[in-house]
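Before any comments, here is the structure.
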Amino acid sequence: MSVLVDATTKVLVQGMGKTGRFHTDMAIAYGTNMVGAVHPSRAGQTETFTGETDHSGVVGRADTYDVNVPIFRSVEQAVAETGADASVVYVPPPFAADAIMEAGAAHVPLVVCITEGIPVTDMVKANRFLEDKPTRLVGPNCPGVITPQDCKIGIMPGYIHDSGRIGVVSRSGTLTYEAVHQLTQVGLGQTTAIGIGGDPVNGTDFVDCLTLFNDDPATEGVIMIGEIGGTAEEDAAEWIAANMTKPVAGFIAGTTAPPGKRMGHAGAIISGGKGTAEAKIEALTGAGVVMAPTPTDMGSAMLEALG
Amino acid sequence: MKVHEYQAKALMAARGLPVPLGRVATTVDEAVAAVRPLVEESGNPVVVVKSQIHAGGRGKGRFIEHPDVRGVNVITAGIEGGIEAAEGAVRNLASQMLGSTLVTIQTGPGGKQVSRLYIEQGIDIDRELYLSVLLDRATSRNIVMASTEGGTEIEVVAEETPDKILREEIDPAFGLLDFQANDIAAGLGLEGDAARYGARFMKALSAAAMELDTDLVEINPLVVTKDGRVMALDGKVSFEANALYRHPDVAELRDVTEEDAAELEAGEHGLSFIKLDGDIGCMVNGAGLAMATMDIIKYVGGEPANFLDVGGGADQEQIAMAFKIITGDPNVKGIFVNIFGGIMRCDTIANGVVEAVKDVGLEVPLVVRLEGTNVELGRQILDESGLDLVSATDMKDGARKILELSR
């Protein structure tokens, strides 16, 4: 078991440019079922992917792959032709929010947006548009979602993952990799790892992911990685205290970040005294989350939380 | 991206938002020349001379070179001595303010050099209010925030009298609705014409914020004049960097002299860099990991000299530039390179580090921690480079080693 994506997930890619092509290739090598692409200027063409199988992914495959991915003009057409139930967006920032909304209009159940640098106003509109659609957005500005050995949607390196018992949710890409790597090393593995992204306005949040993991029988514990800015971690702490039945470990980045400065991520900013690492660590500790004092301690914090 | 008050007010005026008359001056003569037309046009004998820097607290700020001069000065000479007396006072002030260093609670002790003044008409103020439009991350919506406590920092109001803060959520599909604007106006105690002008101001400001992709618009104070008009006495606007591509006219307002030279140079090379006060430089891939690297340096007892995220796809040239920027800080006594290779491969980083060190030279200890894609190859490149560097097994190990070596 897992959350959001599994071996049956059929994935569309929106934006078959250089980045989209590269990561589609990596996803196919991993064993993800990439069923189609949306790229209006290339509608009707087929993109062929060949190469050596990434055996850290879906098991029991041949050593090489040769896959044809049809390209469509619109998400609606692509869904009608392929039955896709997830999409991944690599569209450049000026057009990415529209791509998200197009997937919403086509009622794609899961949209994962990797694109970094989408204007906030566009995301405010996109979230408003998705309010009455049966679509869950993950991201933007995130590494994506992976259920090890089943389905990889996004830009994360597949081989550091291992199918296992822990759910991972994070605002930071590389810190997700750190956590995943340590969980693999200590033998816990992951059920699903979700990057919710570093932007101030995103789709799926910590509480959504914690809810999913809490309800997933295969997930035995969760590690959540937050950072300065906003109050999503405080909200998560409140939810954990009231609802979470599984052990949670955590880490918050940005203890040393100066106020008023955007620390790389658009959403990583302490403004008006709000969004400090201290407040988040205090809230999560108060909710019973085992906090790792440094990223090196994330795996051991998870072990400690599991008891 | 921040802009100066005079630029913010010009953008507001262009969208029908009432602001006082004013003229910008970069020389003493320009400042003096602004007085007569302002007094004649406004009919108000008072003029205000305001330092233009990208920091708040100017009114209470003082100049290092002239400790008795404040960052914002009200000239009432025109009331008794006529325009000539006001001009004389402005000449005296402008010659002390221009080129001098203003220290406010937001500039830090080093202050900021004032190279522009804004000469503005005086306003007969009845009430001072607070108004802002900003993103509420929890709801993914912009909100209008208002308070009767104008002139006070909103954080202080929020802390001490949170019930005095009024909020209305802006639905992006509809904008701020009439009844919402009227509710805020009523909540601020505005009546009659002032209520009408206030509501109109809020609607126009909300629309401008959406149109211009602002991060924050803050009018503090928003004033009600003695004759019942509503006007922005100050204006702080910052724009979202990701949306500047669609506002070339706004992008042109950028004043790079207000920004840190190293941060600017890093940005031009696609690197995200922020200078800090410590002595251990760091170079990291990924924003979260870069923050966590600073934190872990502090955790083991050191002080980070910077935040530096080289991003997910940096090439050798960018890594060399990152090294140059870090070593350009004379405070740096050691460098910690912390990489978790995902899409970015460790061998690329290793080659970049080797080339950069050969190019830039290295006079301080260097600790490198590599993990992830092609890590063995990366370590091999570093080992065989003959460079005087120390490898670390994990982040904590690396942080401890660089601290030890730099002491």
Side-chain angles (χ1 to χ4, degrees), chain A residues 22-23 26 93-94 117-125 127-129 143 155-157 159-160 170-178 181 198 200-202 225 227-232 235 251 253-258 260-268 271-273 277 293-297, chain B residues 106 134-135 137-138 140-142 153-155 158-159 170-173 209-210 213-216 240-243 245-246 272 274 276-278 284-300 303-304 307 309 311-312 339-343 371-373 394-397 399:
Chain A
F22 176 81
H23 291 293
M26 295 289 107
I118 303 176
V120 168
T121 309
D122 292 6
M123 282 312 304
V124 166
K125 286 179 186 163
N127 270 352
R128 170 74 168 84
F129 184 84
I155 60 174
M156 67 292 279
Y159 76 93
I160 59 171
S170 170
R171 280 169 68 187
S172 150
T174 34
L175 283 175
T176 314
Y177 307 162
E178 289 278 353
H181 184 64
V201 174
N202 60 4
I225 301 156
E227 62 190 27
I228 55 162
T231 55
D235 297 342
F251 176 73
T255 311
T256 54
K261 286 274 190 181
R262 245 172 245 288
M263 307 303 286
H265 283 158
S271 51
T294 82
T296 305
D297 306 307
Chain B
Q106 289 185 13
L134 72 166
L135 177 71
R137 294 167 59 151
S140 297
R141 299 269 170 98
N142 275 323
E153 274 188 60
I154 197 68
E155 289 83 12
E159 188 68 34
I170 305 171
D171 186 323
M210 198 71 149
D213 288 295
T214 58
D215 265 340
L216 171 72
E240 200 214 336
N242 287 338
Y245 73 89
R246 56 190 175 201
S272 178
I274 292 165
L276 300 168
D277 295 330
V284 190
N285 68 324
L289 192 61
M291 265 189 279
T293 305
M294 291 164 29
D295 297 348
I296 207 166
I297 289 168
K298 179 96 175 176
Y299 181 80
V300 299
E303 290 289 340
F307 167 94
D309 171 15
I339 301 294
F340 197 109
I343 300 314
E371 193 58 75
T373 309
D394 61 37
M395 270 177 85
K396 207 190 278 179
D397 179 50

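Just so we're on the same page: letters track the sequence lines, and every chain starts at 1.
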Identify which part of [X] has an atom lying under 4.5 Å from any heavy atom of chain B, answering side chain, backbone, both or neither.
X      : result
A/I118 : backbone
A/F129 : neither
A/E178 : both
A/P143 : neither
A/R171 : side chain

Side chain, backbone, both or neither: which part of [X] has a heavy atom under 4.5 Å from chain A?
X      : answer
B/A290 : neither
B/D171 : side chain
B/E371 : side chain
B/L216 : neither
B/D277 : neither

Could you tell me the separation between the [atom1] atom of [X] and the [atom2] atom of [Y], rounded to the nearest 0.5 Å?
X      : Y      : atom1 : atom2 : answer
A/L175 : B/L289 : CG    : CG    : 5.0 Å
A/T256 : B/I297 : OG1   : CD1   : 8.0 Å
A/T294 : B/K396 : OG1   : NZ    : 4.5 Å
B/E155 : A/S271 : CD    : OG    : 8.5 Å
A/T255 : B/K298 : OG1   : NZ    : 10.0 Å
A/T121 : B/N142 : OG1   : CG    : 6.5 Å

Closest-packed option against chain B by number of heavy-atom pairs under 4.5 Å, given [options]:
options                        : result
A/V124, A/I155, A/D297, A/V201 : A/V124
A/P293, A/A268, A/A232, A/A257 : A/P293
A/G198, A/A266, A/S172         : A/S172
A/P157, A/S170, A/G254         : A/G254
A/P93, A/P200, A/G264          : A/P200

Exercise for the section: Give the member of B/D295, B/N242, B/L276, B/V300 that has the highest number of heavy-atom pairs under 4.5 Å with chain A. Expected result: B/D295
Handout entry: Top contributor to chain A contacts, counting heavy-atom pairs under 4.5 Å, from B/P172, B/G286, B/S272
Key = B/P172
Problem - Presence of salt bridge, A/D235 and B/R137, under 4.0 angstrom - result: no
Problem - Ion pair A/R262/B/D215, N-O distance below 4.0 Å - result: yes
Handout entry: Side-chain (A/T174) to main-chain (B/N285) donor-acceptor, under 3.5 angstrom
Key = yes
Problem - Expected output: side-chain A/N127 to main-chain B/S140 donor-acceptor under 3.5 Å - result: no
Handout entry: Geometric class of the B/F340/A/H181 ring pair [parallel <30°, tilted 30-60°, perpendicular >60°]
Key = perpendicular
